[in-house]
Amino acid sequence: MCGIVGVLGNHEAAPILVEALKRLEYRGYDSAGIATVNHGALDRRRAVGKLVNLSDRLVHEPLAGKAGIGHTRWATHGAATEGNAHPHRAGQVAVVHNGIIENFRELREFLAEQGIGYETDTDTETIALMVQYHLSQGLSPREAAATTIAGLEGAYALCLLFEGEDDLMIAARKGSPLAIGHGKGEVYVGSDAIALAPWTNQITYLDEGDWAILTRNSIDIRDASGQQVQRDMRVVNVDAARIDKGGYKHFMAKEIAEQPTVLTEVLGHYVRDGGISLPGETLDFTKVQRLTMVACGTAFYACYVAKYWFEQIAGLPVEIDVASEFRYREPPITAGTVALFVSQSGETADTLAALRYCKGRADAIVSVVNVRESSIARESDLALPILAGVEVGVASTKAFTNQLMTLALLVLKAAQQRGTLTAEALAARLEALRSLPGLVNTALTIDARCEALAVKLAEARDILFLGRGQMYPLALEGALKLKEISYIHAEAYASGELKHGPIALVDKHVPVIVMAPRDGLFDKTISNMQEVMARGGRVLLVTDKKGAAEAGDGVWETLIMPETDPFLAPILYAVPAQMLAYYTAVAKGTDVDQPRNLAKSVTVE
Ligand code: AGP
């Protein structure tokens with residue numbers, strides 16, 4: 001996902017912009033650039049690849065000026081080249097943009113009719129060309145920007161800079177988040193508060209359709225109709241400590257290790273005096289007939305695990321779907337349905353669109369998010385924070401386990417209200433959840449084993465994951481973790497499904513990772529493992545001591561996990577899934593924190 005920054009400051013803008021962009025690296029990018037205005041002169045520098053390349057460029061070709069904008073680009077329209085890197089410029093205008101302008105072809109046709117051509121493959125350049133066109137028609141920068149913005153369709157967060165204007169930026173937001181930072185005689189713009197944390201924690205988030213005329217001493221926010229509006233300024237304390245690796249080789253390693261701590265935090269947030277307390281108007285699950293859960297990627301697998309829990313423990317029917325399918329499937333939302341959305345970033349475009357489909361149809365919109373000021377949180381009736389802290393690694397780890405912990409607590413709340421759990425059974429489940437951070441801490445000690453196994457896994461071309469029951473979604477998550485950071489093809493199947501075709505993939509070259517605590521389905525899983533081993537497949541069994549004892553001979557490798565209540569297994573067994581993926585990626589030398597082609601939050605369709 002692209003990152004945007006801007007500053008009207010009292011110091012040289014270039015170093016501030018580059019530092020702010022570094023804090024947005026976690027979003028994934030493939031080129032970067034900045035533009036400044038210096039005594040009225042507008043200029044820019046851009047570079048392909050990591051920010052260090054842009055910094056090199058600035059050493060050799062410095063850019064002066066105390067007003068500037070910057071951008072990290074994750075290519076959507078047009079390859080990752082310097083020419084396609086932002087800021088884009090047309091005459092007196094420079095622009096940085098996150099999102100997709102869906103009507104950029106029509107705008108190009110209009111420009112062509114005026115004899116105005118374009119230089120790049122990007123939709124973003126069209127924004128600059130349109131503003132420049134309106135300037136050429138005699139409009140002021142503010143009027144030219146307002147007219148252009150009103151004519152844009154699609155999703156955008158953008159910031160404009162003008163030749164001759166040392167104290168003006170114009171920012172706008174529709175679909176992609178944008179924050180304004182308040183400084184002392186300075187003003188900042190950023191895709192999120194993390195980018196601006198070194199300079200300010202006083203943040204105003206633009207609402208959907210807002211645009212703002214910014215000077216060092218004025219912030220004039222307008223809504224889509226052009227009416228002046230006030231938006232809250234809030235203090236957003238981004239824990240700067242959580243923005244560095246803390247001595248780990250990768251953010252992902254640090255975030256895997258943080259799980260016991262953040263699991264404890266989210267438990268403490270919701271469990272008080274032996275009971276589960278939800279914020280705001282507590283949901284009344286006695287009135288809920290059906291739960292519809294929607295998300296993407298890892299967040300979807302958290303929903304999938306929770307489906308088993310809600311149905312088995314709370315007796316509540318649950319429908320799940322990935323957001324990109326749900327939003328176009330147009331499912332009937334019947335009375336008594338609550339729609340629940342899970343999203344680490346709270347900005348995933350498909351999930352946000354699915355939420356908006358449910359608005360006015362579902363009885364309530366509930367979200368489980370890590371970013372409390374995110375669009376999904378703000379558009380929910382009830383937003384449940386997971387308190388995982390800033391997650392920088394593109395591959396989600398601590399957010400996944402905290403999503404599961406939050407969902408598990410919601411399940412117990414539902415069971416309590418629907419009377420499907422006695423007070424004693426509830427207390428026992430809560431006690432089990434309280435034990436989880438300690439169990440996860442113990443599980444983290446398998447890292448040396450995972451590192452050794454990863455060297456063998458790194459040689460594989462294909463890897464299968466198997467799981468039964470609530471461990472099946474965890475197998476799906478394990479396959480996603482592995483493929484997204486090691487680039488090895490990995491797939492997950494419900495263990496019982498293997499013989500219906502996928503077993504044809506099994507031979508001695510294919511490691512089969514089986515996620516199977518010694519639970520009520522273990523015996524069935526043993527049979528599936530035998531089917532695999534009978535065909536030369538190499539089984540890596542992730543289980544507990546009892547499971548290992550019963551698995552018998554022939555297992556290629558075994559990873560022993562602490563004994564646990566089966567209810568907790570999907571959360572606990574996320575640790576080996578994460579570690580096997582992490583160390584395999586390290587063995588393969590891939591970019592663990594920013595894997596190729598991926599972004600931390602996908603705010604485009
Ligand atoms: C998970 O490791 C991936 N990075 C990806 O699947 C992610 O879970 C998905 O894009 C959803 O993101 P969200 O939780 O921010 O909505």
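Computed over heavy atoms, backbone and side chain alike; hydrogens, waters and symmetry mates excluded. Just so you know, these numbers come straight off a predicted model, no measurement behind them. Whatever order the structure lists them in is the order used to number ligands and atoms, beginning at 1.
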Heavy-atom nearest neighbour of atom 2 (O) of ligand 1 within options Q344, M252, E484, E391: E484
S396 side chain to T298 side chain, donor-acceptor N/O pair below 3.5 angstrom: no
Shortest protein contact, atom 12 (O) of ligand 1 (heavy atom only): T348 OG1, 3.5 Å
L482 side chain near I463 side chain, heavy-atom distance below 4.5 Å: yes
Which segment of S601 sits under 4.0 Å of ligand 1 when only heavy atoms are counted: neither
Lys/Arg-Asp/Glu bridge criterion (N-O < 4.0 Å) met for K398, E391: no
Sole candidate of Y472, W309, F400 that passes side-chain contact (heavy atoms from CB on, under 4.5 Å) when paired with P570: W309
For A299, atoms of ligand 1 separated by under 4.0 Å from a heavy atom: 8 (O), 14 (O)
Per-atom contacts of ligand 1 with A395, taking only distances under 4.0 Å to non-hydrogen atoms: 2 (O)
Step-by-step side chain to side chain donor-acceptor pair (under 3.5 Å) determination, T292 to R361: CA-CA 12 Å; T292 286; R361 291 184 169 97; over 6 Å; no
Distance from atom 1 (C) of ligand 1 to nearest protein heavy atom, with residue and atom: T298 OG1, 3.0 Å
Side chain to side chain donor-acceptor pair (under 3.5 Å) between S486 and T584, worked out: CA-CA 6 Å; S486 75; T584 302; 5.9 Å; no
contact_flag C296 ligand 1 heavy-atom lt 4.0 Å: yes
For atom 10 (O) of ligand 1, closest protein heavy-atom neighbour: V602 CG2, 4.3 Å
E208 and K174 ion-paired at < 4.0 Å: no
Selected option - heavy-atom contact closest to atom 4 (N) of ligand 1, from L352, V394, T351, I376: V394
Protein heavy atom at shortest distance from atom 6 (O) of ligand 1: G297 CA, 3.2 Å
Sub-4.0 Å heavy-atom approach of E347 to ligand 1: no
Non-hydrogen side-chain atoms of M293 and L407 separated by less than 4.5 Å: yes
